[in-house]
K.L.:
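Below: one structure in structure tokens.
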Amino acid sequence: MNQNLSPAAKASRMDWKLFQPTVQQYFVENLFSLAIIQKQTRTKIIMDVLHHQINTKEIPSVADLLKKNLPSVLATTCYNDLNLPFDEEVRNTEIGHLFEHILLEYLCQNRLAKGAKRATFSGRTKWNWTRDPFGRFHIHLTCGKKDADILPIALEQTVGLMKILLAYNKDSFSLLNTNSLNQNGLKNGERRC
Ligand SMILES: [Zn+2]
């Protein structure tokens, strides 16, 4: 069938294929799943938290653990309803928003490690549990095809740190009071380094 297409039509079909975003699935047993859609200039991640900890207030040691494992993430810029700096916000924030900030930090670090003099990445985390399944986050990042080399590394590092943070309380299982959680919201982050 392809033989009947003009060269231009063949080329446009190839371009179309090239620009189809691919979805990569990442599953971390018992903790969360990620669907990663990398587009030309941005990346979207749909995160489904499978764990009982959906907010960092369930992890009292979160700030100490970050200080120990990735202190620079506490200095990332955060735009939230109460205008809290991230090192305060982090004590009571949604897991998806924490994931976003850690990923922004690792993206910056990897960009610098590849020789860039400076790097800026920003992100946005949205959720709406009246519409979506409980625990789903939509994370948008200014990380496009040109960052395709560092995204897998940064994701791997982020998942590694999230495992440390979330597994910390695994023996003291507590039922969530979902009424105290914001059913929907939007928070932004940015990292310049
Ligand atoms: Zn933020």
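Counting convention: from 1, in listed order, for ligands and their atoms alike. Predicted model, so just to flag it, every value in this text is computed and none were measured.
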K.L.:
Less than 4.0 angstrom from a charged side-chain N to a carboxylate O is my criterion; do Asp149 and Arg111 meet it?
P.N.:
yes

K.L.:
Is the His101 ring parallel, tilted or perpendicular to the Phe86 ring (thresholds 30°, 60°)?
P.N.:
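Judged by the thresholds at 30° and 60°, the geometry between His101 and Phe86 is parallel.
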
K.L.:
What is the minimum heavy-atom distance between Leu104 and Glu190, and which atoms define it?
P.N.:
CD1-N, 3.8 Å

K.L.:
Just by distance, no angles: are the side chains of Thr130 and Gln183 close enough, under 3.5 Å, to form a donor-acceptor pair?
P.N.:
no

K.L.:
Determine the minimum heavy-atom distance between Glu89 and Leu84, stating which atoms define it.
P.N.:
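Smallest interatomic distance, heavy atoms only, reads OE1-CD1, 3.9 Å.
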
K.L.:
Taking transitive links into account, so neighbours of neighbours count too, which hydrophobic residues share a cluster with Phe27 at under 4.5 Å side-chain distance?
P.N.:
Leu50

K.L.:
Count up the protein N, O or S atoms sitting under 2.8 Å from the Zn ion (ligand 1), would you?
P.N.:
4

